[in-house]
Amino acid sequence: MILLLIGPPGAGKGTQALRLANQYGIAHISTGDMFRDISKNPQTALEKEVKEIMTRGDLIPDDVTIGLVEERIKRPDCEKGFILDGFPRTVPQAEVLDKMLENVHKPLDYVFLFEVDDEALVERKAGRLFAPQSKRVYHKTYNPPKEPGKCDETGENLIQRDDDKPEATRHRLSVYQKQTAPVIAYYDETKRITRLDGMGSMDEVFTSLCEEIDK
Ligand code: AMP
């Protein structure tokens, strides 16, 4: 099973992807997490550039991103299927993904689009808390950890990601409109997109996703 989650930053893709990966026993591939790992301790010129681009809230060049995903989906944990969270984000990425899947004779089973209101997103992202080690995502109001500021799973300290700050979110929303919105048009032409109300509660969104998959 191959699933794809598209939606603006902060729409809840990461949280739902983790739950879906657990539920269906498939791999979770988050290009954002992969780039965050790279920028934690950048060594090469390219890694340093990745960090700078991420801090600005812009997109990493397609060739770098595609290379990373190509390598990742060859790993054994992807054999049963995978969820792509945050990829593709440009039309060239979507075109290359189609070719990659065609080459291994695997169809793209579902494209889910998370629809959300821009200003609500800015607010939602401002309250997000992130656990760097476990990669779990919490929210001060909507999904608080059991103990304030600590991850439920690992006990590590939760942080606010720089890219969750309001001015960064607004910039990333404009990047989404310019570069990722055309990906929606691309899939509308070639595949069936399932649209979800991303403003629903985490459980409501998860239930809708599972209902669609289990049909
Ligand atoms: P995310 O956690 O998915 O919101 O991604 C965080 C950042 O990683 C983005 O703002 C981009 O700088 C970079 N990134 C993640 N996925 C991609 C992608 N598919 N193409 C280009 N850049 C990406």
Side-chain angles (χ1 to χ4, degrees), residues 1-22 24-101 103-104 106 108 111-112 114 125 128-138 151 153-154 156 158-165 168-169 171-172 175-176 179-180 183:
M1 181 158 68
I2 299 174
L3 315 182
L4 204 150
L5 307 185
I6 310 180
K13 300 184 301 292
T15 312
Q16 299 297 342
L18 276 174
R19 290 180 76 172
L20 288 171
N22 278 332
Y24 295 99
I26 53 179
H28 170 209
I29 303 178
S30 158
T31 41
D33 282 347
M34 290 160 101
F35 287 131
R36 267 184 291 282
D37 278 344
I38 291 174
S39 31
K40 248 189 251 155
N41 185 19
Q43 301 290 329
T44 64
L46 179 62
E47 290 173 353
K48 286 176 188 152
E49 199 192 334
V50 163
K51 184 174 180 178
E52 273 170 34
I53 296 173
M54 276 188 88
T55 310
R56 287 204 306 270
D58 291 324
L59 295 186
I60 312 296
D62 283 338
D63 55 342
V64 177
T65 309
I66 290 166
L68 210 67
V69 172
E70 235 164 355
E71 280 304 307
R72 179 66 188 87
I73 64 176
K74 282 186 197 146
R75 291 210 214 137
D77 66 328
C78 291
E79 255 161 43
K80 272 171 61 185
F82 50 86
I83 304 168
L84 284 169
D85 158 17
F87 180 94
R89 260 188 165 81
T90 64
V91 171
Q93 290 180 14
E95 288 169 347
V96 173
L97 176 66
D98 272 351
K99 285 203 194 92
M100 280 193 251
L101 295 179
N103 288 343
V104 291
K106 285 187 179 156
L108 183 55
V111 179
F112 290 109
F114 288 57
K125 277 176 71 66
R128 274 201 334 172
L129 296 167
F130 182 67
Q133 209 184 317
S134 71
K135 313 268 189 282
R136 279 199 176 208
V137 180
Y138 300 85
C151 176
E153 190 183 311
T154 57
E156 69 194 285
L158 302 177
I159 57 160
Q160 184 185 40
R161 280 172 20 188
D162 282 344
D163 59 0
D164 280 342
K165 293 180 178 154
T169 304
H171 176 68
R172 293 177 78 213
V175 170
Y176 178 81
Q179 290 178 272
T180 307
V183 175

J.: Side chain of Lys13, backbone of Gly7: donor and acceptor closer than 3.5 Å?
T.: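 Pair found, side chain donor or acceptor close to backbone of Gly7.
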J.: Determine yes or no for a side-chain-to-main-chain donor-acceptor pair under 3.5 angstrom, with Thr90 supplying the side chain and Gln179 the backbone.
T.: no
J.: May I ask you to establish whether Arg36 and Phe130 are in a cation-pi arrangement, using a distance under 6.0 Å from NZ or CZ to the six-membered ring centre and at most 45° from the ring axis?
T.: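 Cation-pi check for Arg36 and Phe130: passes.
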J.: How long is the gap from OH on Tyr138 to CG on Leu158, to the nearest 0.5 Å?
T.: 6.0 Å
J.: Less than 4.5 Å apart, any side-chain heavy atom of Phe87 and any of Ile66?
T.: yes
J.: Are any side-chain N or O atoms of Lys80 and backbone N or O atoms of Ala27, one a donor and one an acceptor, separated by less than 3.5 Å?
T.: no
J.: Rounded to the nearest 0.5 Å, how far apart are CD1 of Ile38 and NZ of Lys51?
T.: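 Here the rounded value is 12.5 Å.
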J.: Any heavy-atom pair between the side chains of Pro61 and Ile53 that's under 4.5 Å?
T.: yes
J.: Would you please say whether a donor-acceptor pair under 3.5 Å links the side chains of His28 and Asn22?
T.: no
J.: Is the shortest distance from a Lys or Arg side-chain nitrogen in Asp164 or Arg128 to a carboxylate oxygen in the other one below 4.0 Å?
T.: yes
J.: Any side-chain heavy-atom pair from Gln16 and Phe114 closer than 4.5 angstrom?
T.: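 In short, these two side chains touch, coming nearer than 4.5 Å.
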J.: To the nearest 0.5 Å, what is the distance between CZ on Phe35 and CG on Leu68?
T.: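 Answer rounded to 0.5 Å: 5.0 Å.
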J.: Please check if atom CD in Glu79 has more than 12 non-hydrogen atoms from other residues, nucleotides or ligands closer than 6.0 Å.
T.: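 Result for CD/Glu79: open.
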J.: Salt-bridged, Arg56 to Asp162, with N to O below 4.0 Å?
T.: no
J.: About how many Å separate OG1 of Thr31 and CG of Leu84, when rounded to the nearest 0.5 Å?
T.: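 Rounded to the nearest 0.5 Å, the CG-OG1 separation comes to 8.0 Å.
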